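Just so you know, ligand 1 is whichever comes first in the structure, and atom 1 is the first atom listed for that ligand. On a predicted model such as this, the values are computed, not experimentally measured, just so you know.
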Amino acid sequence: MLRARGLRVAMPERTIATVDHIVPTRDQRRPFLDVMAEDMLSALERNCREHGIRLLSLDSGHQGIVHVIGPELGLTQPGMTIACGDSHTSTHGAFGAVAFGIGTSQVRDVLASQCLAMDPLRVRRIEVNGRLGRGVYAKDVILEIIRRLGVKGGAGFAYEFGGSAIDGMSMDERMTICNMSIEGGARVGYVNPDETTFAYMRGRQFAPQGDAFERAAAWWRSLASDRDARYDDVVEIAASEIQPNVTWGINPGQSVAVDEKLPANADTEALAFMGFAAGQTVKGTRIDVAFVGSCTNARLSDLREAARIVRGHHVAPHVKALVVPGSQAVREAAEREGLDRLFLDAGFEWRGAGCSMCLAMNPDRLEGREICASSSNRNFKGRQGSPTGRTLLMSPAMVAAAAIAGEVVDVREFVGAEVLVGH
Ligand code: SF4
């Protein structure tokens with residue numbers, strides 16, 4: 001589009017490219033067997049060369065899902081406005097950035113002008129206070145929020161997350177929460193930058209270094225919302241009320257606690273598609289595929305939590321199970337800890353970095369009516385490649401437990417108290 005108008009990229013030094021949706025995760029050698037994926041990547045390489053844009057390609061050592069590599073490289077920083085042609089850009093708001101997904105024509109506008117016209121958002125503060133129970137993770141928190149407020153409840157809003165449960169979370173956990181804000185209809189998810197944020201960022205490749213970091217941190221601290229800030233809406237949730245959640249339907253708001261009965265007034269279209277009946281529990285549902293991956297839950301801490309569940313067990317014989325790290329760096333760090341061996345010995349596939357089975361733009365797909373226990377973020381009809389395939393969203397620990405049991409289980413019952421550490 002820029003070429004057709006004779007335009008250049010306005011600020012190539014503020015523009016970063018990577019490749020995630022289309023890359024195969026089993027064999028990443030070039031050229032890809034999928035001709036369309038190979039053509040797309042070749043075009044991206046040409047365009048980045050022509051416009052002087054940094055491309056974090058497969059041979060860079062930094063390739064991965066854009067919402068994983070931005071933070072891990074220190075490219076994502078508090079106070080930034082970040083736009084990306086992908087809805088889950090809300091992830092980066094975990095750092096106190098204002099970050100949102102944009103459409104293709106808006107990508108053109110940003111590349112050409114570094115500007116974007118958009119309406120101001122209202123702000124809803126979502127406070128989660130107290131301690132999360134054993135076996136309850138950030139994924140459960142955001143599923144609970146979307147369940148309570150609805151998949152369209154956030155339309156026109158930015159969601160600012162706070163409260164003692166959020167304040168006590170790691171950056172990985174905050175990213176999981178902000179990542180799925182878009183699934184609740186909010187364009188932006190946001191957490192105030194704090195000492196946890198700065199500790200995560202310190203020393204990262206593209207973060208300010210030395211004295212410059214201290215100066216930046218002083219400014220970042222000043223960006224946090226005032227204690228007496230006024231919000232357009234405030235929602236409070238007690239952390240102790242949140243259980244391990246699992247979706248039963250065809251949008252991320254259709255979730256229940258794993259041992260809770262499906263509501264009597266549950267959407268009939270969703271029930272029919274999923275093969276569930278009102279009054280039953282999702283617990284006990286036989287699964288065909290288990291997927292630990294995606295920009296929601298494929299960071300090192302997610303893999304560690306899944307590994308804690310898997311240790312000493314084996315995947316059920318009828319289950320195909322894969323672990324797909326969110327980035328090459330996550331994969332390497334996991335391998336340094338021996339997590340690859342642990343997963344492989346337990347019968348999981350250990351893949352290269354990419355989006356994999358989160359969506360159907362690469363060879364990893366469901367077949368027919370298969371049911372997938374998935375740590376991803378969307379359970380729409382057809383999302384995982386088969387028009388009739390069924391997705392159950394849950395935390396990576398729950399996915400790992402389901403892979404081993406061969407059916408959906410309550411992670412709290414699956415392993416002893418000594419293994420589970422809560423969020
Ligand atoms: S992991 Fe899934 S949701 Fe995230 S960027 Fe990739 S395809 Fe999109």
Could you establish whether Asp86 and ligand 1 come within less than 4.0 Å of each other, counting only heavy atoms on the residue side?
yes

Which atoms of ligand 1 have any heavy atom of Asn377 under 4.0 Å away?
3 (S)

Can you list the ligand 1 atoms lying under 4.0 Å from a non-hydrogen atom of Leu359?
7 (S)

Hey, could you give me each pair passing ring-ring contact (aromatic ring centres under 6.0 Å, His included) that has a residue in residues 92-118? Not counting sequence neighbours.
His67-His92, Phe95-Tyr200

Number the atoms of ligand 1 from 1 as they appear, then name those within less than 4.0 Å of a heavy atom of Cys358, with their elements.
1 (S), 2 (Fe), 3 (S), 7 (S)

Please identify which atoms of ligand 1 are closer than 4.0 Å to at least one heavy atom of Arg383.
2 (Fe), 3 (S), 7 (S)

Quick one: which ligand 1 atoms are inside 4.0 Å of a heavy atom on His88?
3 (S)

Donor-acceptor pair, side chain of Asn47 and main chain of Ala43, under 3.5 angstrom:
yes

Keeping the roles fixed (side chain from Arg365, backbone from Ala360), state whether a donor-acceptor pair exists under 3.5 Å.
yes

So which heavy atom in the protein is nearest atom 6 (Fe) of ligand 1, and how far is it from that ligand atom?
Cys355 SG, 2.3 Å

Please confirm if an N, O or S atom belonging to Cys295, backbone or side chain, lies less than 2.8 Å from atom 4 (Fe) of ligand 1.
yes

Is the contact between His21 and ligand 1 made by the side chain, the backbone, both, or neither, using heavy atoms and a 4.0 Å cut-off?
side chain

Does this structure show an ion pair linking Glu38 with Arg30, if we count only N-O contacts that are shorter than 4.0 Å?
yes

CD-NE2 distance between Glu407 and His318, expressed to the nearest 0.5 angstrom
8.0 Å

If the plane angle is over 60° it's perpendicular, under 30° parallel, otherwise tilted; pick one for Tyr159 and Phe157.
tilted

Are any of the side-chain nitrogens in Glu305 or Lys139 under 4.0 Å away from the carboxylate oxygens of its partner?
no

Which atoms from ligand 1 have a heavy atom of Ser294 less than 4.0 Å away?
1 (S)

